[in-house]
Peer 1: 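Sharing a structure, written as structure tokens. Questions coming.
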Amino acid sequence: KQDRCVVMGIDDSAHSEWAFDWYVQNFHKPENKVLVVHCPEAFTNVTMMSPGKVEEMIRDTQVKVKKLQEKFMAKLNEKGITGDFHSLQGDKPGSAIVDCACENSAAIIVTGTRGMGKLRRTIMGSVSDYIVHHSPCPVLVCRHKDKN
């Protein structure tokens with residue numbers, strides 16, 4: 001059977017871990033290849049910072065991404081799931097995840113939700129909302145009742 005690509009958008013929240021675990025327990029099939037993707041938050045106002053501060057932020061981000069990669073690759077290996085981890089570039093995570101799904105002909109996108117309040121979501125926008133409205137394929141939004 002042909003491998004089906006599942007793009008899973010994650011961040012460093014408990015919601016992402018819960019969504020990953022829910023997907024594995026309830027939805028995963030052996031022919032699915034899981035592409036775990038993370039889009040680090042873009043740096044705003046870097047022009048106002050010293051070069052040293054910018055370098056420090058970049059290093060901190062690289063450390064965080066590496067930790068996420070190690071954590072989720074370990075989870076994939078532990079469950080015997082074929083997969084990979086990609087750090088995406090872009091200042092809009094939703095858009096980067098949708099682009100990644102297009103480039104990899106994803107069968108589905110899986111994401112958690114941070115459960116932002118209505119006002120905050122209206123002001124900031126929601127990554128999961130963006131993905132649902134712009135995805136070329138079905139989207140599974142895993143919402144954790146206790147954590148929202």
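Keep in mind that the numbers below use all heavy atoms, side chains included, and drop hydrogens, waters and symmetry copies. FYI, the numbering just counts along the sequence from 1.
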Peer 1: Drop me the distance from H38's NE2 to F72's CZ, to the nearest 0.5 angstrom.
Peer 2: 10.0 Å
Peer 1: Give the minimum heavy-atom separation between A96 and Q89, together with the two atoms involved.
Peer 2: CB-O, 3.9 Å
Peer 1: When rounded to the nearest 0.5 angstrom, what is the spacing between CE in M8 and CG in L140?
Peer 2: 8.0 Å
Peer 1: CG/D129 to NE2/H134 distance, rounded to the nearest 0.5 angstrom?
Peer 2: 10.5 Å
Peer 1: What heavy-atom pair brings G9 and S16 nearest, and what distance separates the two atoms?
Peer 2: O-OG, 4.5 Å
Peer 1: Heavy atoms, side chains only, cut-off 4.5 Å: are T113 and H15 in contact?
Peer 2: no
Peer 1: Taking all heavy atoms of A101 and all of I109, pick out the closest pair and write down the distance.
Peer 2: CB-CD1, 3.6 Å
Peer 1: Flag the pair F20 / L76 as yes when at least one side-chain heavy-atom distance between them is below 4.5 Å, and no otherwise.
Peer 2: yes
Peer 1: What heavy-atom pair brings D12 and L68 nearest, and what distance separates the two atoms?
Peer 2: CA-CD2, 3.9 Å
Peer 1: Treating N32 as the side-chain partner and H28 as the backbone partner, does any N or O pair qualify as donor plus acceptor under 3.5 Å?
Peer 2: no
Peer 1: Supply the atom-to-atom distance T61 OG1 to K66 NZ, rounded to the nearest 0.5 angstrom.
Peer 2: 15.0 Å
Peer 1: For a 4.5 angstrom cut-off between non-hydrogen side-chain atoms, does H86 reach L35?
Peer 2: yes
Peer 1: Could you check whether atom NZ of K33 has more than 12 heavy atoms from other residues, nucleotides or ligands sitting under 6.0 Å from it?
Peer 2: yes
Peer 1: Write down the atom of N104, the atom of C5, and the distance for their closest heavy-atom approach.
Peer 2: O-CB, 3.7 Å
Peer 1: Holding to side-chain contact (heavy atoms from CB on, under 4.5 Å), I want the full list of residues that pass it with K79, two or more places apart in sequence or in another chain.
Peer 2: V24, I81
Peer 1: For a quick test of reading the model, state the closest non-hydrogen atom pair linking C142 to W22 and the distance between them.
Peer 2: SG-CE3, 3.8 Å
Peer 1: Distance-only, no hydrogens or angles: does the D11 side chain make a donor-acceptor pair with backbone N or O of S13 under 3.5 Å?
Peer 2: yes
Peer 1: Less than 4.5 Å apart, any side-chain heavy atom of V37 and any of F85?
Peer 2: no
Peer 1: Going by side-chain hydrogen bond (donor to acceptor under 3.5 Å, both in side chains), name the residues that satisfy it together with S105, two or more places apart in sequence or in a different chain.
Peer 2: none
Peer 1: Step by step, would you call D21 with K75 a side chain to side chain contact (heavy atoms under 4.5 Å, CB included)?
Peer 2: CA-CA 9 Å; D21 294 340; K75 285 170 88 63; 2.9 Å; yes
Peer 1: How about I97 and V7: do any of their side-chain heavy atoms sit closer than 4.5 Å?
Peer 2: yes
Peer 1: Which distance, rounded to the nearest 0.5 Å, do you find between the CD of E31 and the CG of D3?
Peer 2: 8.0 Å
Peer 1: Under a 4.5 Å cut-off applied to non-hydrogen side-chain atoms, are V34 and Y23 in contact?
Peer 2: yes
Peer 1: Inspect the contact between K53 and E56 and indicate whether a charged nitrogen and a carboxylate oxygen are less than 4.0 angstrom apart.
Peer 2: yes
Peer 1: Can you find a pair of side-chain heavy atoms, one from L88 and one from P93, that are under 4.5 Å apart?
Peer 2: no
